[in-house]
Amino acid sequence: MKKEMAKTYDPRGIEDRIYKNWEEKKYFHAEVDHSKQPFTIVIPPPNITGQLHMGHALDETMQDILIRFKRMQGYNALWQPGTDHASIATEVKVIESLKEQGITKADLGREGFLEKCWDWRKEYGGRIVNQLKKLGSSCDWDRERFTMDEGCNRAVTEVFVKMHEKGWIYKGNRIINWCPVCKTSISDAEVEYEEQHGHFWHMKYPFINEDGTVSDTEFLEFATTRPETMLGDTAVAVNPEDERYAKYVGRKVMLPIMNRPIPVVADEYVDMEFGTGVVKITPGHDPNDFEVGKRHGLPVINVLNDDATINENGGKYCGMDRYEARAAIVEEIKEMGLLVGIEDYSHNVGTHDRCGTTVEPMVKEQWFVKMDELIKPAIKAVETGDIRLVPKSMEKVYYNWTNNIKDWCISRQLWWGHRIPAWYCDDCGETIVDRTAPAVCPKCGGTHLTQDPDTLDTWFSSALWPFETLGWPEMTEDLKYFYPTDVLVTGYDIIFFWVIRMIFSGFEQMGEKPFKTILFHGLVRDAQGRKMSKSLGNGIDPLEIIRDYGADALRMTLVTGNAPGNDMRFYTERVEANRNFANKIWNATRFIMMNVAEDAADIDSNAVPANLHPEDKWILSRFNDVVKEVTDNMEKFEMGIAVQKVYDFMWGEFCDWYIEMVKPRLYLTDDADSKNAALWTLQTVLIGGLKLLHPFMPFITEEIFTTIQQTEESIMISSWPVWRDDFNYPEDEKAIEMIKEAVRGIRNIRTERGIAPGKKAMVYVVSSSDETLGYFEKDKLFFEVLASASDAVMQKDQSGIPEGAFSVVLPFATLFLPMQDLIDIPAEIARLEKEEKRLEGELKRSEGMLSNERFLSKAPADKIAAEKEKQAKYKDQMDGVRAQLEQLRNM
RNA sequence: GCGAUCAUAGCUCAGCUGGGAUGAGCGUCCGCUUGACGUGCGGGAGGUCACAGGUUCGAUCCCUGUUGGUCGCACCA
């Protein structure tokens, strides 16, 4: 069917229209259907505070490519979408916006504040979803979930209660990371270490003599980076092996300022080699010291308030900020003559990844998840390959974490999030953990119960995402059918936060892994290789790119030349290149449309015409190869390679060669059969190519597909191309090989002869004999070539075509060129001799390999077979080369 | 400190667990209003695949080491 098409492809307007149509037709929706195999991906839920950035764009693009590919392959493909409440991130944003109005969290109270949070969610929660749609994401929006919707809330409570019953969730006084700005505890994963330049203060504590007086001659010297913590010191430690200090163990030193006698203890934690081999022990504010303290029964003294000012345990420093106190304490120690020296020192300091504040280790009562047993199946699953990590190198990173895992601190002193389902009896102090609020205390019967004010770590609910979105804790049909999901696509930066936690949660709650494969991608960086960040202002807004170049071009840019797990740099030049590719495909379609007759019906790609020319068979068999390879790459998650192959095939072979070859048949001859065969092939390969391209460029492929087909049916629900026996022509191998030769020959002519001062023409190979003519077999082949009119011999009478000549068809004239004029025979002979030599080497190599016993005994059978096949191919090629040489030498 | 990973054309990167550098995009130079496309067409220049050893008939690919970069983890107070 003939249709008018614009000269350039402009995605604007088209993309939104198409997306709307897909949504209306419910193409993204999946229902349980036991006649089909499921293929499931759950989206990494973007934060409701989020704005689409390049990281999302990459993540969503990869998922959409996979889901569209599988959908076309006939799977029942479900892409489960949703958003994350992002406890701390959202709370911070809401507080900020309130601040502008001069309101604080406390002014509103818990209820009021939460209302504001829900308002925020209502206002901004949908924004990111709309942005995902701009990308073309084929998520099943009917199933959209939110980590704080009713179902997820139930799931969270259920997990908490169950794990508590099992003893795997407990409340305890342990050392945790505290953010003095956010005023909440955070997990180990949320601590980011950053190098800071500070000082190393060398100081000394005096011994206490046997008579109880403080010595002015005997001291224990050590160094610290955090002098203010001395206020909470409860011991000084040395290594038990350390002979220098053995005699002091058991004695006491006087903690200056606080005037508190503290013991000298021996503990293996102390490194004798480092510094003086003496460490001050502050169990309240250092995780290692906390452990030492536990071993020696030392008291724990917390000297900090929640905002990191010194508390009443800090004596006269009470109320002072931690850094002010540090300076003042150093000053006082100096005055006391106990400061030995100051050294510049750079070390890594833990900061809160959210706000950058230096975290303070503190002992606090918090809720924890016991990890030792929980993590076991998660480790095993990766070890046995039950869960596959792509790329494999991520396994090391994974084990690095799982093997050193500590209990997970899950309580947060925040309001926005899942409230911990624990109540305390005001009368007897009993703790009750239950699915619903208890009315009376089971222990004392008291009715004054207060719920724990804390909420849960955001990642606690995210960890349940793969099954809570499918209906858990209800064992729904969805869950039975779609779980475990197939692939998780995510960045390597959240492997600890999210991926590992989903895995152990999946095994614990479902008894089954949450996904079979994890596909990691890298970071999208700017053109200089820097991380895109708000503070640098170097972020490129994907929405702007979509507006200027189209989502297809953006998607292509994000996925081409990008291997799993690798970071990529983003250049607008690359987007342009992909926009150009879209235009190329558009124009190839235009060319075909212009040549299709006004009243032509759609072609039936199954009705293969009988009279295909060699070039038709060539492109069809090439298409067949590409289908096979691309499918293979897709199955292996090698999307970058897959798309590159389609790109190269469509542009480099289909457009550059096949379309050019076929032009004379459409323009210059009246042979209807030949014309139809060409048009059939053009359309068949184009449509096939569009299908291969569809996962990557969903919009333009849809636009073209619906333009050239008469059906309304969408390309996204069409079937993925498969290898076809009727596109395989073993009996015509020679003719097809000839096309390849011709392509090479023409290249040769174009380059080595430099024939082209400016005229484009078609070469028509003519010969009355059936013999191979140099590179070309007899008749019917047209090729584009740059030919020089001055090099050509004009012959008006076509009957006078000399044996073994090319005809060069210009728009208004036909030129004939003797073979000798087109081919630089000596150069060609030299080239072939080189080729002959190469093949000789290749054959020698192959023979060597196949006679090598070690190779034969060790190599797998298919490899040996492949080598044998190669050898046969080389022999064939050698014969060909020698025959050509013979021919050229006789010319 | 431990571990990972990278080093290929001027730039950014692909390269299927050893067998012709087969490369791509951008840039650059030369030539093209040709009836799909100048968002195009044709062509050229440009690489001792970081360096040094080793294994092998053969190494960009495997091993060891060196140098340089990136990342993760652990940090000694």
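Remember, it's a predicted structure, so these values are computed and weren't measured experimentally. Below, read A as the first sequence line, B as the second, and so on, with proteins coming before strands; counting in each chain starts at 1.
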How long is the line joining NZ of A:Lys406 and P of B:rC73, in whole Å? 12 Å

Look at all strands and tell whether A:Phe581 reaches a base, only sugar-phosphate, or nothing, counting heavy atoms closer than 4.0 Å. nothing

Looking at A:Lys584, does any N or O in its side chain come under 4.0 Å of the phosphate oxygens OP1/OP2 on B:rC37? no

Once you measure the plane-to-plane angle for A:His202 and A:Phe200, does it fall in the parallel (<30°), tilted (30-60°) or perpendicular (>60°) bin? perpendicular

Can A:Thr557 and A:Asn578 be counted as having a side-chain donor-acceptor contact under 3.5 angstrom? yes

Nearest-angstrom distance, P atom, B:rA24 to B:rG42: 13 Å

Across the strands shown, which category fits A:Tyr345 at heavy-atom distances under 4.0 angstrom: base, sugar-phosphate, nothing? sugar-phosphate

Heavy-atom nearest nucleotide on RNA chain B taken for A:His347 and for A:Ala189; more 5' hit belongs to A:Ala189

Counting any heavy atom closer than 4.0 Å, what does A:Thr589 reach on the DNA or RNA strands: base, sugar-phosphate only, or nothing? nothing

For a quick check of understanding: with a heavy-atom distance under 4.0 Å over all strands, which category does A:Tyr9 fall into, base, sugar-phosphate or nothing? nothing

Consider the side chain of A:Ile641, meaning its heavy atoms from C-beta on, and name the nucleotide among B:rG42, B:rA14, B:rG72 that approaches it most closely. B:rA14

Tell me if the aromatic rings of A:Phe696 and A:Tyr647 count as close, with their centers under 6.0 Å from one another. no

Whole-angstrom distance between B:rG46 and B:rG23, as gauged at atom C1': 14 Å

Quick one: is A:Arg569 getting a side-chain N or O under 4.0 Å of the B:rC13 phosphate, OP1 or OP2? yes

SB check A:Arg322 A:Glu228 (cutoff 4.0 Å): no

Base, sugar-phosphate, or nothing for A:Ala588, non-hydrogen atoms under 4.0 angstrom? base

Nearest-angstrom distance, C1' atom, B:rA9 to B:rA21: 10 Å

Residue-phosphate contact under 4.0 Å: A:Trp651 side-chain N/O, B:rU39 OP1/OP2: no

Does a donor on one side chain sit under 3.5 Å from an acceptor on the other, for A:Asp567 and A:Tyr492? yes

Counting side-chain heavy atoms from CB outward, which of B:rC41, B:rC73, B:rA77 is closest to A:Asp656? B:rC41

A:Asp10 has an atom CG; how far is it from atom C1' of B:rC37, in whole Å? 15 Å

Taking only the C1' atom of each, what is the distance from B:rU34 to B:rC41 in whole angstrom? 8 Å

Tell me whether the OP1 or OP2 atom of B:rC73 has a side-chain N or O from A:Lys396 closer than 4.0 Å. no

Whole-Å P distance, B:rC13 and B:rA74: 28 Å

Whole Å only: how far is the CZ atom of A:Arg579 from the P atom of B:rG38? 12 Å

Any-strand Watson-Crick or G-U partner of B:rA4, both distances under 3.5 Å: B:rU70

A:Asn587 CG to B:rG40 C1', straight-line distance once rounded to whole Å: 9 Å

Any strand: nucleotide that pairs with B:rC26 via Watson-Crick or wobble, under 3.5 Å: B:rG10

Between B:rA4 and B:rU22, how far apart are the P atoms? Round to whole Å, please. 33 Å

Take the protein atom CG of A:Asn583 and the nucleotide atom C1' of B:rG25, then report the distance between them rounded to whole Å. 17 Å

Does B:rG40 have OP1 or OP2 under 4.0 Å away from a side-chain N or O of A:Asn580? yes

Who does B:rG38 pair with, Watson-Crick or G-U, both distances under 3.5 Å? none

Between B:rA50 and B:rA7, how many Å separate the two P atoms, rounded to a whole number? 7 Å

Contact class for A:Tyr571 vs. all strands (heavy atom < 4.0 Å): base, sugar-phosphate, or nothing? sugar-phosphate

Between C1' on B:rU39 and CD1 on A:Ile700, what's the gap in Å once rounded to a whole number? 11 Å

What is the nucleic acid contact for A:Asn404, judged by heavy atoms within less than 4.0 Å: base, sugar-phosphate only, or nothing? nothing

Quantified in whole Å, what is the C1' atom distance between nucleotide B:rG53 and nucleotide B:rU67? 15 Å

For A:Gln644 and for A:Lys636, find the nucleotide of RNA chain B with the closest heavy atom, then tell me which residue's nucleotide is more 5'. A:Lys636

Atom-pair distance (CD on A:Glu629; P on B:rA14), nearest Å: 20 Å

Just name whichever nucleotide pairs with B:rA52, Watson-Crick or G-U, keeping both distances under 3.5 Å, else none. B:rU64

Among B:rG72, B:rG38, B:rA77, the nucleotide that comes nearest once only the side chain of A:Lys7 is considered: B:rG38

Establish, from distance only, whether the side-chain atoms of A:Tyr205 and A:Asp233 form a donor-acceptor pair under 3.5 Å. yes

Look at A:Arg574 and B:rG25 and indicate whether a side-chain polar atom (N or O) is within less than 4.0 Å of OP1 or OP2. no

Between A:Arg590 (CZ) and B:rG35 (P), how many Å, whole number? 12 Å

Under 3.5 Å, is there a donor on one side chain and an acceptor on the other for A:Asp188 and A:Asn177? yes

Will you find, in the side chains of A:Asp344 and A:His199, an N or O donor that is under 3.5 Å from an N or O acceptor? yes

